[in-house]
Amino acid sequence: MNFSRGHPRIITGMEKMLIKNHLAELVKRAITNAQTAGALPAFALPAVFVERPQKKEWGDFSTSLALKLAKDAKRAPLQIAQTLAAHMPPDAAVAQVTTSAPGFVNFILSEAWLAQQVETILAAGERFGDLENPAPQNIQVEYVSVNPTGPMHVGSGRNGALGDTLANILVAAGHRVQREFYINDNGSQVRHLGESVFARYAQALGADEKFPADGYQGAYVTDIGKRLAAQYGDQYLRAPRAQAIRDLGGSAMEIIRAQIEQTLARMGIRFDQWFSERSLHDGGAFAQVLAILKRKGLVFEKDDAVWFAAQALGEEKDAVLIRSPKVITNPDERPTYLASDVAYVWNKLAVRKFDRAIYVWGADHHGDVPRVLAAARALGLDPTRATILLYQFVTLKRGGELVKMSKRTGEFVTLDELIGEVGPDAVRFMLIAQSANTTMDFDLDLAVKQSDENPVYYVQYAHARIASILKKAAETGARAAAGDVALLTHPAELELIRAMLRLPEMIDLAATKLEPHHLPHYAIELAGIFHAFYKQCRVVSSDPADAELTRARLKLVAAAKQTLARTLRLMGVAAPESM
RNA sequence: GCGCCCGUAGCUCAAUGGAUAGAGCAUCAGUCUUCGGAACUGAGGGUUGCAGGUUCGAGUCCUGCCGGGCGUGCCA
C-alpha cells in the first residue's frame, strides 16, 4: 500500500482522523458484535475513550472501558476485556489486541501500517497535524490587550505567547480564528499619560512645567515628549492646556501602541484587529447594552452612580457602571472598565456573532470573570460562548533577587529587553512551556547563561540536523522520492513514526483544553526520539548495498523534519535549516 | 475574613479519574574512525504539603487544615 502511487487506501480519510477515535469505533463495533453473539448482555452504548498508556508493554493505545462496563454488563472487568478483544473487527492499523489486568484492552499498531504512515505524513505536507473538524467554529481570541501607557513587561509576553499559540492551535484544529488586541484607550489613563507626556514635552522645549505627582515616570515618557516637541514645536504650549493634554496623550498612546505592535512582532505575534475600547462608547454599544439591562431591571442608581445589579444574578456584589458626577467631573471618564467589558462581550457575541470568544487575562483580573459572564447571561447570551483563560504571574529573578516591576516607577525589565537578552524563540518557548495556571519564575541569569542548553535549541537542533542530512544526501545524489517506506522496520524508526503520529493528538488535546503547554513538551519528546534514531540508524550511507534503505530513511527524516517544523511553527518558534 | 490559582525528585516542571507518578537541569557512571557532540545510553533520587472522604481505581474529584501567590475600589 502506497498512497502516492495510487494504491487503494485501507482506511479512508485516516490521515486526518485521530487514530484513537478510529480505534474507539472498533471498540464500539466489538461491543455490538459481542452482544449479537450473546457474549455480552444488552446495555446502552457508553462513551468510549481510547488513550495512550504509560508503558510500552501496554501497547500503543488502550481503553479502560471494560472496567467501567463491569456494572452494566454484570461481568468481571477482565472477562469483558477479553470478550471485547475476541470480537474486535480486524483492521489494517492494528496488529494485535491484548488484554491486561484489571481490565484493559490494549492495541498494538501494525508495523507495516506505521511505516506506511510516513507517506501519509509527507502527503499532508505542512498541513500534517491538522484535524478534520465536523463542527468548525468562528472563534475570536483576544490577547495581550495591555494598556498602551508604557512598554510591555514579561507578563504581557506570556499573554501574547499563550494567545497566539492558542490561536494557531485552534486553526490547526479546524476552526476559523480572529486575533484581536483590545486597546484600553478610554478613561482617565489617557489623560494621565497626556499629562505626563505634556510635562516632558514642555520640558523638552525649555518650559518650566512641573511633572505630575502620579505621572508615568519612565524614560520612555521623556523620549516621547522630546519626539512630540520635535514634531509639533511649541504649538501645544500655546494651545488650551486641556486640549494639549488630550492631543498629546492621544499621540503618545498611538506611539506606544505602535511600539507594542513592533515588540510583539519580534515574537511573531500579530493581530487581525486592533479594537478600540473607546469605540464601544462612541459607537453606542454601551448605550445599547445599558438599555437592555435597564429593561430587565438590572440597572439602578445609588449615590448618583449607575449600578449593575450583579447580586440579582447571584454575584457577590453589585458593581458600578457609571461613576457619580460628584466623584468624576469629566463625563468621558465616568464609565468604568466593567461598562466597557459588558459592551465588549455584547459586541463580540451579539454584534460580530463569533461562535466563541476566548479572552486571555492575567490572573489579577480573575475577580472580574464572574461579573462579565453574569453580564453576558443578563444580555441573553450563552455564557459558555465566552471563555476567559487566566494565566498566573511571571516573576523575574536576577542575581537571585526578585525584580520588582512597576510602570509608575519605571523600574522593570521590559519584554523588549528580555527578547534582546534571551532571543525571541527561547522567550516564546519558555513562556508557553508551563501550564497557564502555574506561577512562573523567570530566572534571567539562568535564561541567558543556559541559552546553550535551552530546550528550544534542543528541538531546533534536531530540525537543523535533519536539514543537514538532507543537504548531504542531495550532494551524494541519494533521492528520497524513490524510497520504499516498507523498509522502515528498525525499532528506532518505528518509534519516530509513532512520535510523529502524536502531533494531531497534541493539537486535539491543546485545542480542547485550551492548553498550549502540551506543544513544547511534545516538541522536546519528538526531538529526543529523533536524536535517538539518529544515533542508531545511519541515514546517508556510502555503502551501495544500503542504497534502498537510505532512500527510505530519507523519506522518514523528511517527514520528521516536517513534523518538527510544524510543531515549532505552531509555537511561533523558528525552524532553522542551520544554527 | 471571603473568593480564585498553586503545592509532585535537590531545582524548573509534566501527567483527558486508570495500570509500577514521568521529563529536563544538576549529580554520578558510560558511548564516538563516516550524516552536525547543541548528541546518545544508564544510574541514583518520591509517603504527589497534611488528614479524612467518594469508587473497582485519586497527583487528579469532595471536605477540613498548613504554606505561597493573586484578588476582594465610584483603579485599569
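In this structure, the aromatic ring of A/H518 is not positioned over the six-membered ring of the base of B/A14 within 5.5 Å between centres and 30° between planes. Judged by centroid separation below 5.5 Å and plane tilt below 30°, A/W58 stacks onto the base of B/A19.
Straight-line distance between the C1' atoms of B/A19 and B/C56: roughly 13 Å, to the nearest whole Å.
Contact annotation: A/H517 reaches the phosphate of B/A15 (side-chain N/O to OP1 or OP2, under 4.0 Å). Between A/Q54 and B/A19 there is a side-chain N or O to OP1 or OP2 distance below 4.0 Å.
Taking only distance into account, the side chain of A/H366 meets the base of B/G3 through a donor-acceptor pair shorter than 3.5 Å. Donor-acceptor pairing under 3.5 Å, judged by distance alone, is absent between the side chain of A/Y461 and the base of B/A38. Contact of A/K535 with B/A39 (side chain to base): a donor-acceptor pair of N or O atoms is detected under 3.5 Å.
At least one test fails for A/R371 against the ring of A/F308: distance under 6.0 Å to the centre or angle within 45° of the axis.
The partner of B/G3 is B/C70, judged by Watson-Crick or G-U wobble contacts that both fall below 3.5 Å. The partner of B/C56, taking Watson-Crick or G-U wobble pairs whose two distances both stay under 3.5 Å, is B/G18.
For the atom pair A/Y337 OH and A/E277 CD, the distance stands at 11.5 Å (nearest 0.5 Å).
Each of A/P53 and A/G187 was matched to the nucleotide of RNA chain B holding its nearest heavy atom; the match closer to the 5' end belongs to A/P53.
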